[in-house]
Each structure stands twice: as C-alpha cells, then as structure tokens.
Amino acid sequence: MKHCSFQRLISSYFDGELSSAERLSIEQHVAHCQDCQTFLRELHIYRHAIQETATLKYEPVLTRRILEKVYETQHGLTAWITFEKYVRRTLIAFAIVIVIFFTALYLMLQKPVNDYSSQQFSVISDSSASIFYIPQEEITKHDIAYAVLTSD
Amino acid sequence: MKGDEEREYEEQLISSAKDGNVQAFEALVRKYQKRVLNLAYLMIGDRDRAEDVTQDVFVKVYKKLHYYSKNTSFYSWLYRLTVNECIDELRKRKIRKVFSLDFLAEDGYERFYSENTSELPTTEIYNREQREVIQKALQMISKEHREVLLLREYENYGYNEIAETLGISVQAVKSRIFRARQELRVILHRYFKDMI
Ligand SMILES: [Zn+2]
C-alpha cells in the first residue's frame, strides 16, 4: 500500500480539523494525487461501515435487567448503610457512657474543697465583735497572734 | 438554547439520582443505554457480552455517581467507564486470541457465511457480513486505536473533545487517529477493494 506524505493531513482534513489555508492546499494536492483520492474514499467507506455496524436498538428488556441489578445492589448498599449507622450509634453511645462514668468517678474521688481558698479576705473576730479585715495571702501565724493580742 | 436546557435537565436527573431517586436514574439509563450498548458492541464484538457489560456499566454508574463532578460532561464520564469495563471484559476472556488474519483470506468470508445465510435477501446477507467484518477488524486493532477511532467515527467527537475525554493532547489525538486508520486500512483494504 502506497503512502503519500500528505496522508496524515488527509486524515485531519477528512475530520474537518484543518485551517482554511491548509484545507485549500490539501484540495489542490488531492486533485492530482491518486493515492490521496483513494485514501479519502477509503476513509469515507470505513466511517460509514463503522456507523452501520452500531445499529443495536434500544431494548426495554435490557433496561429492566439493568434496573433489577441496580435495585439488588441498592438493597445491599442500604443494608450496609443501616448496619454502619447502627454500629456508629452504638459506638457514640458507648463513648458517652464512658465519659460520664469517668467524670463521675473523678468527682467522687476529689477531696472536699477548702472553704478559705475561695475567699478573698479572712475574717477574724473576737468576743467584743471588733473585726479585722486582712487580705488572706498576707495572713501568717504571726499576724493572727498579733490580732488576738491587740483585740482588747 | 435547546442544548442548554437539555444539559440542565440532565444535571437535575443526575443530582436527583445522587439523592437516591430511582426514577431519575431510570431516565438516565433510558437515555444512554443504546449508546453504551453499541459502544460496548463495537469494542467487544459480541452482542451478549455487550449487554452484560452495559448492565455492569450502569450498576457502576449507580455506585459511583457521587464521584461524578459537573466539570466534565456526563457522557465523557460514562464513556470512560464503558471503555474500561470493555477492556476488563476483553482481558478476562482473552477475546483477541480468537481472531486471526485467516478470516480475511480470499475464501475466508465464503467459508464463514456459507451456513445459515441462504434464505436471507442478498442485501441483508451483505449487511450482516459487512458488520461482522468491521466487528472483527475492530477487534484486531490495538485498544488505544480502537477507542480513539470509535470516539471519532461512532461518537462523532471533534479532536478537542477526544483529547479531553482521553486526557491526551490534540496533537496526540491527531496522530493516533491517523495510525488507527492505517491499521484498520491494512485489515479492511482487501474486503472493500471493489468499492474503492
Ligand atoms: Zn497524495
């Protein structure tokens, strides 16, 4: 089979993928090249033959077959999704129970809270109801002793 | 304008199908079944297997629909799924081995069609024979050449669309189509010589 060097371009020409200038030069060449005329004719024949081969018609039976298979798959998927949801919910519930349990355990094991620690000031009083306000962080044993001694 | 409306309608169908609407999915099957079936038939060369592949393709479409993005055309996506499914099918059954160049020998066709064709009208025999020849020739060329050729000759895609669908450059499309045609020509030249 002869191969004229223009054949690559003929293929694109046949597909309408050339610029108008290229198209013109191809047409001028084909007018006097037997090989390219034959090639072009063959391209037409093969395209037509391929299109003629793809003539299977639409068949409702096949649609039904496809949809049945899809439903089957869908049921499988639905079953899996339901199962997955169930597992996920169980895991979440379990995690919540664990968190509550450990929080409760932590709270139960905690020592009673020191009442003074939350107070900004300590109040020291005596029988004659004279009251001294002293910032707590500054209170030392010495201060307490002093306060008691000087309250009269 | 009509094309835009159609695309919009198709997008609606796809998004409904993604949400599990079976009627929408059914509409997509009805729309594309024939095209997928014929493509599979040209790729595989056997009607029954093409039907099986068509079924498998749509089941895959249903399962993978949420991966489909609007950026590409739905048919391009469907086309790739179909071609990949066909290639798997061919690999599984090693169909290429069945064919040899022998059937294209001078008396090959006569031997092949001497049975069961005597009662059919001549044109019908001719059409059937031609379809069989094309089918077998397509099975004999490489799968890269086959898919590019089918996009061009059967799907009527332009080079840009083919490049986009196959993920190759336009230049590569151009030369691949040319080489595919040459390969096909070597096989079919003798059969069509009276017409050329
Ligand atoms: Zn030439």
Side-chain angles (χ1 to χ4, degrees), chain A residues 1-19 22 26 34-82, chain B residues 20 22 25-26 29-30 33-42 45 47 50-52 54-63 127 130-135 137-138 149-150 152-154 156-160 162 170 173-175 177-182 184-186 188-189 191-192 195-196:
Chain A
M1 211 174 293
K2 284 181 187 171
H3 296 295
C4 170
S5 58
F6 273 80
Q7 280 185 4
R8 189 175 287 266
L9 278 173
I10 295 280
S11 174
S12 302
Y13 170 78
F14 178 64
D15 291 329
E17 298 273 349
L18 292 183
S19 67
E22 286 173 312
I26 284 294
Q34 198 67 46
D35 283 351
C36 286
Q37 285 171 21
T38 307
F39 185 52
L40 210 47
R41 238 186 343 262
E42 278 185 76
L43 294 184
H44 273 289
I45 291 168
Y46 302 151
R47 170 173 293 173
H48 185 68
I50 288 173
Q51 286 168 354
E52 287 280 287
T53 304
T55 50
L56 299 183
K57 293 186 175 63
Y58 171 78
E59 277 182 48
V61 182
L62 182 59
T63 313
R64 271 204 298 281
R65 231 181 89 187
I66 291 168
L67 293 172
E68 270 165 27
K69 188 84 185 171
V70 166
Y71 295 146
E72 242 174 65
T73 315
Q74 191 192 26
H75 285 310
L77 282 176
T78 314
W80 167 247
I81 290 165
T82 314
Chain B
V22 180
F25 184 75
E26 194 175 330
V29 174
R30 283 185 203 286
Q33 178 183 307
K34 189 179 145 193
R35 220 164 148 186
V36 169
L37 177 67
N38 274 296
L39 177 61
Y41 180 52
L42 289 174
R47 195 197 166 123
E51 287 190 355
D52 290 345
T54 305
Q55 179 184 297
D56 293 346
V57 165
F58 281 108
V59 170
K60 267 198 182 148
V61 168
Y62 188 78
K63 282 185 190 166
N127 289 341
Q130 183 184 290
R131 283 201 290 272
E132 296 259 1
V133 169
I134 293 289
Q135 279 293 7
L138 284 172
L149 209 58
L150 293 181
R152 179 62 217 136
E153 310 293 41
Y154 168 62
N156 202 20
Y157 273 25
Y159 286 5
N160 282 324
I162 297 175
V170 171
V173 168
K174 202 181 280 187
S175 64
I177 287 180
F178 174 64
R179 279 186 273 115
R181 281 172 169 156
Q182 278 187 315
L184 194 70
R185 193 186 184 198
V186 169
L188 292 178
H189 189 75
Y191 180 77
F192 286 99
M195 292 169 77
I196 297 164

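Between A:Glu52 and B:Gln130, the closest heavy-atom pair is CB-NE2, 4.2 Å. Closest of all the heavy-atom pairs between A:Ile66 and B:Gln55 is CG1-CA, 3.8 Å. The two residues A:Ala54 and B:Asn38 come nearest to each other via the heavy atoms C-OD1, 3.0 Å. Contact detail for B:Tyr159 and A:Ser12: the closest heavy-atom pair is OH-CA, 3.5 Å.
Residues A:Phe39 and B:Arg185 form a side-chain contact, since some pair of their non-hydrogen atoms from C-beta on lies under 4.5 Å apart. A 4.5 Å side-chain heavy-atom check between A:Ile50 and B:Leu184 finds at least one atom pair inside the cut-off. Residues A:Glu17 and B:Lys174 are not in side-chain contact: their nearest non-hydrogen atoms beyond the backbone lie 4.5 Å or more apart. Proximity of B:Arg35 to A:Tyr58: side-chain heavy atoms (C-beta onward) are nowhere separated by under 4.5 Å.
Atom-to-atom distance recorded for B:Glu51:CD and A:Leu62:CG is 5.0 Å, nearest 0.5 angstrom. The CD atom of A:Glu59 sits 11.5 Å away from the NZ atom of B:Lys34 when rounded to the nearest 0.5 Å. Annotation: the span from B:Arg181 atom CZ to A:Ile10 atom CD1 amounts to 11.0 Å, rounded to 0.5 Å. To the nearest 0.5 Å, atoms OH (A:Tyr46) and OH (B:Tyr191) are separated by 11.5 Å. To the nearest 0.5 angstrom, B:Leu138 atom CG is 7.0 Å from A:Thr53 atom OG1.
For the side chain to side chain donor-acceptor pair (under 3.5 Å) with B:Glu153, the lone residue among A:His48, A:Gln51, A:Arg47 that qualifies is A:Arg47.
When the ring pair (Phe, Tyr, Trp, His ring centres under 6.0 Å) test is applied to B:Phe178, no partner is found at least two apart in sequence or on another chain.
Heavy atoms closer than 4.5 Å to chain A are found in the side chain of B:Val22, but not in its backbone. Contacts of B:Glu26 with chain A are made by both backbone and side-chain atoms, with heavy-atom separations under 4.5 Å. Interface residue A:Arg41: only side-chain heavy atoms are found under 4.5 Å from chain B. At a 4.5 Å heavy-atom cutoff, the contact between B:Leu150 and chain A is made by side-chain atoms alone.
Most heavy-atom pairs under 4.5 Å with chain B: of the set A:Arg8, A:Lys69, A:Lys57, A:His44, this distinction falls to A:Arg8. Contact count versus chain A (heavy atoms, under 4.5 Å) is highest, among B:Val59, B:Ile196, B:Val29, for B:Ile196.
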> Between B:Arg131 and A:Thr55, does a side chain to side chain contact (heavy atoms under 4.5 Å, CB included) hold up when you go through it step by step?
Replying inline: CA-CA 9 Å; B:Arg131 283 201 290 272; A:Thr55 50; 4.0 Å; yes
> B:Phe25 and A:Leu67: side chain to side chain contact (heavy atoms under 4.5 Å, CB included), yes or no, with the steps?
Replying inline: CA-CA 9 Å; B:Phe25 184 75; A:Leu67 293 172; 4.1 Å; yes
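A donor-acceptor pair under 3.5 Å is absent between the side-chain atoms of A:Asp15 and the main chain of B:Gly158, judged by distance alone.
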